[in-house]
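Here the structure is a predicted model, which means the values were calculated and not measured. Atoms within each ligand, like the ligands themselves, are counted from 1 in listed order. Residue numbers start at 1 and run along the sequence shown.
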Amino acid sequence: MEDKVPCTTETGVSDRYLDQVQRAQRDPEAFWLSQARRLVWHKAPSHASRSDFGGDVRISWYEDGQLNVAENCLDRHVLTQPDKAALIWEGQEDGQKLVLTYRELHAQVCRLANALRRLGVGKGDRVAIHLPMVAEGVVSMLACARIGAIHVVLFGGFSAEGLAERLMDSGAVVVITADVARRGAKAIPSKITMDEALVACGAACTVRHVLVVPVTGTEVPMQPGRDLHFAAEVAMEMPDCAPEIMDACDPLFLMYTSGSTGRPKGVVHGTGGYLVWASYTQEVVFAAQPNDVFWCTADTSWITGHTYVVYGPLCNGATILIYEGLPSWPQPGRWWDVIDRNNVSVFYTSPTVVRAAMREDADVVRSRSLSSLRVLGTVGEPISPEAWQWFHDEVGKACCPVVDTWWQTETGGVMLTASAGQVPGRPGAAGLPLPGVEAVLVDAQTQTEVEGAGDGLLCMARSWPGQAMTLWRDHGRFRQTYFTTCPGRYFSGDGARREGDGYFWITGRVDDVVNVSGHRIGTAEIEDAVATDAEVVESAAVGVPHDLKGQGLVVFVVPRTEGSLDPAAVRRAISDGVGRYAVPEQIYVVRDLPKTRSGKIVRRLLRKIAAHDLSNLGDLSTLSDPDIVEEIIAQVSGQA
Ligand code: WTA
């Protein structure tokens, strides 16, 4: 068993960490060029960054370097540790387990890569991956990377319309989906939903083939010529495949995420910079050791699943664990059993999971050993000091550092954290910027940087290797979204507070993005879906505090005629247009929305009313119809 990482709660920041911070500050070019040596390159880069946050904005890392990501994650480990487990998969039914060594994972990836090439997929083509947590998901991502195809992993909870929108925007030529996905007692009809999505794409459909992975072995409709059995396609191929040599700035994948306008954004990550970032952060944040069994519980369809289920730990030669099922199905404590059975050493999850576990009987966690754990981490939303402490005391048995990690789809990997064994953890705080990360706070009014302790918009003053390069086919929107609020800097969309000693506390999004159980949902996305109901005049979606999910959604809807609108229809519109995961906690059908005289919806008021916080509502006399506020308050308290 590995040595425990010291819990540095009592001691200060390590000298090694401070030294790295200084080195990176003194000479960022040299620092990042030396980090590039983590990878194997066909052509080593001669310089690190040619990025520029001004003008049209250019994000460029290791520009003249050439490499292949799958080779970095597989081939080099096949040479040194072919029989080491690369991937452990456990299914949600008892006893379902699969272990793939590096040699076996490499062979699977090569077979699929060959099959994709045979189906006409080449460098730069997009491949959509729509799978639950099965080994084939990881194999598919790496197979795309091997042949230079750009993967687009799509969440199983998206509706057919949500899938169609992303398939069309990305122009995917092949889709890899499941027959049926399991989620506890529920069966999710993945293939049927995908079929509906392809119908919804209509004449604009670019998809030529659909590969179906037999997750449950359920028979599903297959369209001759288009639909193919994954297993059969893979079985007919050789276990070796020459990797495509990629330029460092070629895209590796697109990841759709929500912003403050309705259309999801296709965040584009590059090849060299992203992989350096995945490898660097996985090692530094989690004090990674060669024998780690690394379990990041995120779904591979989110950025966390890309960087810390797949690319970071595999690039560094660890063993990754993926588990198909829910934390408490078929009984509470399921995930603790997965940890004990597989000797998981690093467990990286979400505050939502921690909050849910805290509510269970204390005996559930106490009856498990959990002695293989070395480091615990959370991501995606703030973790309260109470939840942090519970995680530390009950899961970590008070001897594992807990790393809260702040980052975003756009940052590629962790940016702020209390790196295990190097930076003392502080319950509730996100921690310090990693060496090389130049996090700054900008005053929203004056546009000046806040020095020392204070509050402001969380920005980055300088590019870092994991930074997204652009938005898919919309560089103008990329520039507009991230580089105009605080010119010359990358603006994260979050507000933060810094203590005198440099620790950051995240205060939450300052834009119209709501974080439900770590799922980033744009309120405009919800409103667009609601607007498809002809009975709706307009609507406003807001986030409210939620005990379990962190934030919940509340939607206010104005009907065309009084009594004409059924909240169930609104719920359906959201479920169909976005997905079940975005269905709100509450829907209020109201006569009108509070607006300024110039017609702007005053969301601040709606947020407070929805959260039953009626203090400091402010001066209502400037509204176009001040009475509507009292009416909505009466309605919300009546239904509470
Ligand atoms: C929020 C997930 C507080 C934040 C990796 C950010 C957090 C958004 C934390 C990105 C954290 C993420 N503490 N808030 N540790 N981590 N967030 O793109 O608002 O799905 O902007 O990336 O989640 O969500 P995304």
Side-chain angles (χ1 to χ4, degrees), residues 153 155 157 253-260 264-269 274 277-278 281-282 285 296-309 311-312 348-355 376-385 387-388 391 402-419 423 425-434 437 439 457-460 466-468 471 481-482 485 490-498 503-523 525 543 545 549-551 581-582:
V153 186
F155 177 46
F253 64 85
L254 307 185
M255 165 64 62
Y256 283 94
T257 190
S258 298
S260 38
K265 303 180 285 200
V267 173
V268 179
H269 275 289
Y274 172 80
W277 197 243
T281 55
Q282 198 260 344
V285 174
C296 167
T297 67
D299 194 278
T300 38
S301 59
W302 303 111
I303 189 72
T304 311
H306 280 48
T307 309
Y308 301 108
V309 174
Y311 292 116
Y348 187 34
T349 192
S350 69
T352 293
V353 166
V354 176
R355 286 191 296 266
L376 303 174
T378 63
V379 58
E381 31 164 348
I383 181 161
S384 67
W388 190 101
F391 199 31
V402 171
V403 295
D404 178 16
T405 60
W406 176 89
W407 58 291
Q408 313 178 285
T409 303
E410 295 87 343
T411 71
V414 176
M415 301 290 279
L416 306 177
T417 190
S419 281
V423 177
R426 188 169 298 173
L432 301 178
L434 284 174
V437 169
L457 303 175
L458 178 57
C459 295
M460 301 299 149
Q467 182 167 27
L471 293 178
T481 308
Y482 305 109
T485 310
Y490 164 81
F491 168 51
S492 67
D494 280 357
R497 179 163 60 79
R498 186 170 47 212
Y503 275 67
F504 281 82
W505 293 69
I506 305 299
T507 50
R509 301 288 304 195
V510 297
D511 55 8
D512 294 319
V513 172
V514 180
N515 192 331
V516 181
S517 300
H519 288 183
R520 195 166 143 180
I521 302 174
T523 52
E525 241 176 297
K549 302 176 178 176
Q551 277 192 298
Y581 71 101

Undergrad: Which option wins on minimum heavy-atom distance to atom 24 (O) of ligand 1: R520, M415, Q551, E410?
TA: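 Nearest option to atom 24 (O) of ligand 1, by heavy atoms: R520.
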Undergrad: Give the single entry among T409, T257, I383 that approaches atom 20 (O) of ligand 1 most closely by any heavy atom.
TA: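 Among T409, T257, I383, the closest heavy atom to atom 20 (O) of ligand 1 comes from T409.
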Undergrad: Enter the distance from T409:OG1 to R520:CZ here, rounded to the nearest 0.5 Å.
TA: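 Output value for this atom pair is 5.0 Å.
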Undergrad: Please list, in number order, the atoms of ligand 1 under 4.0 Å from a heavy atom of T304.
TA: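 Ligand 1 atoms under the 4.0 Å threshold to T304: 5 (C).
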Undergrad: Is ligand 1 under 4.0 Å from a heavy atom in the side chain of V513, in the backbone, in both, or in neither?
TA: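 Answer for V513: neither.
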Undergrad: Identify the residue among T297, T300, D299 that makes a side chain to side chain contact (heavy atoms under 4.5 Å, CB included) with V309.
TA: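 Only match with V309 under side chain to side chain contact (heavy atoms under 4.5 Å, CB included): T300.
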Undergrad: Within ligand 1, which atoms have a heavy atom of D404 less than 4.0 Å away?
TA: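 Result: 11 (C), 15 (N).
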Undergrad: Would you mind checking which non-hydrogen protein atom is closest to atom 2 (C) of ligand 1, with the distance to 0.1 Å?
TA: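 Of every protein heavy atom, W407 O, 3.9 Å lies nearest to atom 2 (C) of ligand 1.
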Undergrad: Enumerate the atoms of ligand 1 whose separation from the nearest heavy atom of I506 is less than 4.0 angstrom.
TA: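 Those atoms are 3 (C), 14 (N).
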Undergrad: For ligand 1, which atoms, with element, lie under 4.0 Å from some heavy atom of V379?
TA: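 The atoms of ligand 1 under 4.0 Å from a heavy atom of V379 are 5 (C).
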Undergrad: Any idea which protein heavy atom is nearest atom 16 (N) of ligand 1, and the distance to it?
TA: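 Going by distance alone, atom 16 (N) of ligand 1 is nearest to G380 N, 3.1 Å.
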Undergrad: For I506 and L458, work out which heavy atoms get closest and say how close.
TA: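 So the two residues come closest at CD1-CD2, 3.9 Å.
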Undergrad: Check R509 against ligand 1 and report side chain, backbone, both or neither, counting heavy atoms closer than 4.0 Å.
TA: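 For R509, the contact with ligand 1 is made by the side chain alone.
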Undergrad: State whether the shortest distance between N or O atoms of T405 and N or O atoms of ligand 1 falls below 3.5 angstrom.
TA: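 Among all N and O atoms of T405, at least one is under 3.5 Å from an N or O of ligand 1.
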Undergrad: For the ring pair F155 and H519, is the centre-to-centre distance below 6.0 Å?
TA: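 Ring-ring flag for F155/H519: true, centres closer than 6.0 Å.
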Undergrad: Can you tell which part of H519 has a heavy atom less than 4.0 Å from ligand 1: side chain, backbone, both or neither?
TA: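 No part of H519 is near ligand 1 at this cut-off.
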Undergrad: Going by the order shown, which atoms of ligand 1 are within less than 4.0 Å of some heavy atom of N515?
TA: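 Near N515, the atoms of ligand 1 are 1 (C), 23 (O).
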